[in-house]
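Letters A, B, ... are given to chains in the order of the sequence lines, protein chains preceding strands, and every chain is numbered from 1. Fair warning: this is a prediction, and the values are worked out from it, not measured in the lab.
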Amino acid sequence: MDVSFLLNPLNDAQREAVTLPEDVHALVLAGAGSGKTRVLTHRIGWLIEGCGVQPWNILAVTFTNKAAGEMRARAAALIGPRAQSVTLGTFHGIAYQLLRQHWREAGLIENFQVIDADDQKRLVKRLLRELELDEAQWPVRQAVSFINGQKEEGRRAAHIDPGHDPYLETMLRIYRAYEEQCARGGLVDFAELLLRAHELWLKQPAVLAHYQQRFRHLLVDEFQDTNTLQYAWLRVLAGGTGRLFVVGDDDQSIYGWRGARVEHIQRFTEDFADVRVVRLEQNYRSTGTILKAANTLIAHNSGRLGKNLWTAGEAGEPIEVYRAFNELEEADFVCRQVEHWLEEGGSRDEIAVLYRSNAQSRLLEQALLRHRIPYRVYGGLRFYERAEIKDVLAYLRLLVNRNDDASFERVLNNPPRGIGARTQEQIRRHARQHGLSLWQAARQLVENGLSARARGAVSGFLALIDELERACAELPLAQQLIEVIARSGLQAQLEKDRSEQAQSKLENLNELISAAEQFRPEPEDEDVPLLTAFLNRAALEAGEHQADAHTPCVQLMTLHAAKGLEFPLVMMVGMEEGLFPTQSAIDDPVKLEEERRLAYVGITRAQKKLVMSWCEKRRWQGRELYPMPSRFLSELPPECVKEVRLGGRTAAERDFSGVSGGFSGRSDFDPVKMGETPLFAIGQRVRHAKFGEGIVIALEGSGEQTRVQVHFDQGGSKWLLAAMAPLEAL
DNA sequence: TTTTACGATATTTTT
DNA sequence: TATCGTAAAA
């Protein structure tokens, strides 16, 4: 077999990785833009074409559906239809497949339903109420992240010993109640997919042996993002015979806060014998300047595996750093940059604007709208996460499984049909007392219990669901949706509402119907009703469905969402201390390093040109900040940076000069002295009678109310009222 | 039971 | 500054 087509397009390091012997483990440290997907797909091709490995003996795992899809497409382009027989998917997708296949051994019901993060949150919230826990004291978010955190470490409620820690005791109560609830409803959340799959390995040696036999080659993408459970799962599956080929970049680990453990990269070489390490350091994406900036920045992190990206390409333009007056002006600057890029012959979809937090997108959107520049925001609400979509899906789930309490609760009085909080509470109480699902409880209460009025409403609802099931039994999937949307009253509710939002919701429902029309089940979903398969795919592939993907648009997204993508022009906005790095990372070295990696990810997205901006003054969460420029700006090599800015005055100068000129009678705004209040500027050295010397790092308010934040040389910073504090400018 | 109004509250989120 | 969720009014 001639395999030159597999090897010729590769550089030396890539070829070394791809052609490693098939009986060793491999760790490929792949820098940004160094061709890691190429290495993975060519490795698949090499195993099959070069080593005679059967495609079905290969398992390739990614984190996102997008990455899986891309790898599948590229593998198919390389080796043709045989790529189809490779098992390729996300961790969650593969776990789902396994559980479908072995639901009985895994202790699940046949029709188990996958719930997404939002469903999970609602469920936990309901449980908190049932347990009569104060939501202010026990935030839902915290409970959810406790549960997921435990599952990601492989722990069930039964494994945890709370000791005498009251916090743990409560969390454990919630976790237990949650487990029960999921078991009753046949619900499986994302972490549960992985945990069950892992337990399946451990508890069913025969099943495990079968898959160990089958998957001789395990390829893993974005290995730095694996959490404890995923890594354990891989280790068990590899057993003594499977061979792992993992690709990752410790410098791009940005999901530590979600349980990802970069340490797995280091541990990998200890956990497995005979691991070959290959570094991919040649970058094919960015200019020399951009790479130099990225390298210099990331060098500020400690404990790296070490890696230096280089390019054979040219240096390119310097990185522009723009100092804006405020966030509005920054957004305007972004638009001007876009317009400039277009004038130079570029196109909109070559541009990405990256920010640290979603809240920053709004102003940018408004500015782009004003400038009539088409844009698309990534992240945010995804199609299958929209409320109207989830409403319909909840009805459908109820048709499949009456005991799905989360769905029952979601649609019981939606659209409003006169089943109020009191009646709902009755149903819940009855369910709890008798260990029933909400559906069963409602059934019983309709028989005896409930007021006449409530009984009518509830029995009407029960009848509606039964009737819908009957009506849908013989219909094709899309018709079923149409029935449900019409007869549930959701459609009428939206049509009645003439607002623009209602209109767009109706459009989304139509999108959903057409998604159902096009839906084709995967092989592993063969034995399940089509509807169940559709629902589970909706949960697993929430992000895949993109509406109107065809006008070229400027792309707006968070830095996290940008990982894995590349754009000729990248703009990173909001480069300010407190925003990026985010406030909570500022005095936490571990978090700070993750922020820096995030900056590294952002920088390395840029192919040709990189622009960064920061604001002297920013309205943020209702407050006015005078932030310092992000430390990440000063960590760039000065020779790579070109500062651009308007005018010469700082925000403080502008703010005061106009006022003091116009209102000379008012001495409190005098720039030299405001009554007894000294004037401070950011960066100003000061001395405090008690705390010693320091530097002003932020200002807030004006006149008598001016507060300054001072970072003292002895460490620590404090907010002080300028008029009151014994503070002296130096 | 539904609507409205006010007050609390703010990262990042592949699945 | 906007959103969201809960609490009081209709």
Side-chain angles (χ1 to χ4, degrees), chain A residues 61-69 89-96 114-121 125 129 135-136 139-141 144-145 148 151-152 188-194 221-222 224-227 229-230 252 254-260 327-328 354-363 366 378-382 384-385 387 413-424 453-454 457 536-544 557-565 574 578-586 591 594-595 597-599 601-602 618-625:
Chain A
V61 203
T62 64
F63 279 85
T64 68
N65 291 302
K66 196 169 162 195
T90 63
F91 274 102
H92 297 268
I94 288 165
Y96 171 74
V114 180
I115 59 171
D116 69 12
D118 181 63
D119 297 327
Q120 184 187 33
K121 197 171 145 207
K125 185 166 186 167
R129 273 191 218 143
E135 282 179 51
V140 187
R141 256 178 73 148
V144 168
S145 75
N148 290 336
K151 287 189 180 186
E152 276 156 16
V188 176
D189 62 49
F190 289 142
E192 183 76 23
L193 283 168
L194 301 173
D221 189 17
E222 306 276 18
Q224 77 282 354
D225 287 339
T226 49
N227 64 34
L229 188 51
Q230 286 159 336
Q252 292 190 67
I254 55 175
Y255 285 105
W257 52 275
R258 268 193 104 199
E327 71 279 7
L328 291 163
L354 310 182
Y355 37 80
R356 177 66 238 262
S357 109
N358 278 313
Q360 288 168 263
S361 79
R362 209 192 76 249
L363 273 161
Q366 286 169 355
Y378 279 82
L381 256 208
R382 281 179 296 212
Y384 282 104
E385 289 167 3
N413 195 36
N414 179 18
R417 46 174 72 86
I419 306 172
R422 212 184 62 247
T423 310
Q424 291 184 34
R453 194 194 167 106
N536 284 328
R537 290 296 156 186
L540 283 166
E541 291 163 27
E544 291 308 278
M557 66 190 85
T558 62
L559 286 151
H560 283 89
K563 195 173 80 160
L565 306 175
L579 196 63
F580 187 37
T582 187
Q583 189 59 46
S584 65
I586 280 178
K591 282 187 177 175
E594 184 153 310
E595 294 287 301
R597 291 193 291 267
L598 193 53
V601 166
R618 176 180 295 273
R619 216 180 170 83
W620 182 241
Q621 293 178 181
R623 312 187 75 92
E624 211 140 80
L625 305 178

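The CD atom of A/Glu595 sits 13 Å away from the P atom of B/dT11 (whole-angstrom rounding). Protein atom CZ of A/Arg417 is 14 Å distant from nucleotide atom P of B/dT1, rounded to whole Å. Between the OH atom of A/Tyr378 and the C1' atom of B/dT13 there is a distance of 17 Å, rounded to whole Å. Going from atom CZ of A/Arg362 over to atom P of B/dT11 covers 14 Å, rounded to whole Å. What separates CH2 of A/Trp257 from P of B/dT12 is a distance of 8 Å, to the nearest Å. Nucleotide B/dT14 holds its C1' atom 10 Å from the CZ atom of A/Phe190, rounded to whole Å. Rounded to an integer number of Å, the gap from CG of A/Asp116 to C1' of B/dT15 is 10 Å. Distance, A/Asn227 CG to B/dT14 C1': 12 Å, rounded to whole Å.
A donor and an acceptor atom sit less than 3.5 Å apart, one in the side chain of A/Arg356 and one in the base of B/dT11.
Checking the phosphate oxygens (OP1, OP2) of B/dT2, a side-chain nitrogen or oxygen of A/Asn413 falls inside 4.0 Å. Side-chain nitrogen and oxygen atoms of A/Asn358 include none within less than 4.0 Å of the OP1 or OP2 phosphate oxygen of B/dT11.
Across the P atoms, B/dT12 and C/dG5 are found 15 Å apart, a figure rounded to whole Å. Taking atom P on both nucleotides, B/dT13 is separated from C/dC4 by 16 Å, rounded to a whole Å.
Among the heavy atoms of the strands lying under 4.0 Å from A/Ser584 is at least one base atom, whether or not backbone atoms are also near. Using a 4.0 Å heavy-atom cutoff across all strands shown, A/Arg258 reaches at least one base atom of the nucleic acid. In this structure, A/Thr558 reaches the sugar-phosphate backbone alone: every heavy-atom distance under 4.0 Å involves primed, P, OP1 or OP2 atoms, never a base. When heavy atoms are screened at a 4.0 angstrom cut-off, A/Tyr255 is found touching base atoms of the nucleic acid. Residue A/Gly418 is in sugar-phosphate contact alone, with no base atom involved, counting any heavy-atom pair closer than 4.0 Å across all strands shown.
A search for side chain to side chain donor-acceptor pair (under 3.5 Å) contacts involving A/Thr62 returns nothing, not counting sequence neighbours.
Under the side chain to side chain contact (heavy atoms under 4.5 Å, CB included) test applied with A/Leu559, the options A/Val601, A/Leu598, A/Ile254 reduce to a single match, A/Leu598. Between A/Leu354 and the choices A/Gln360, A/Met557, A/His560, the side chain to side chain contact (heavy atoms under 4.5 Å, CB included) rule is met once, by A/Met557. Partner A/Phe63 forms a side chain to side chain contact (heavy atoms under 4.5 Å, CB included) with one of A/Lys563, A/His92, A/Gln230 and no other, that one being A/Gln230.
Here the side chain of A/Thr423 is nearest to one of C/dT1, B/dT1, B/dT12, namely B/dT1.
Scanning DNA chain B for stems, defined as runs of 3 or more consecutive Watson-Crick or G-U wobble pairs whose donor-acceptor distances all fall under 3.5 Å, gives the following ranges: B:1-10 with C:1-10.
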Between the protein and nucleotides 6-10 of chain C, list every N/O to N/O distance that falls short of 3.5 Å.
unit_1: C/dT6; atom_1: OP1; unit_2: A/Lys125; atom_2: NZ; d: 2.7

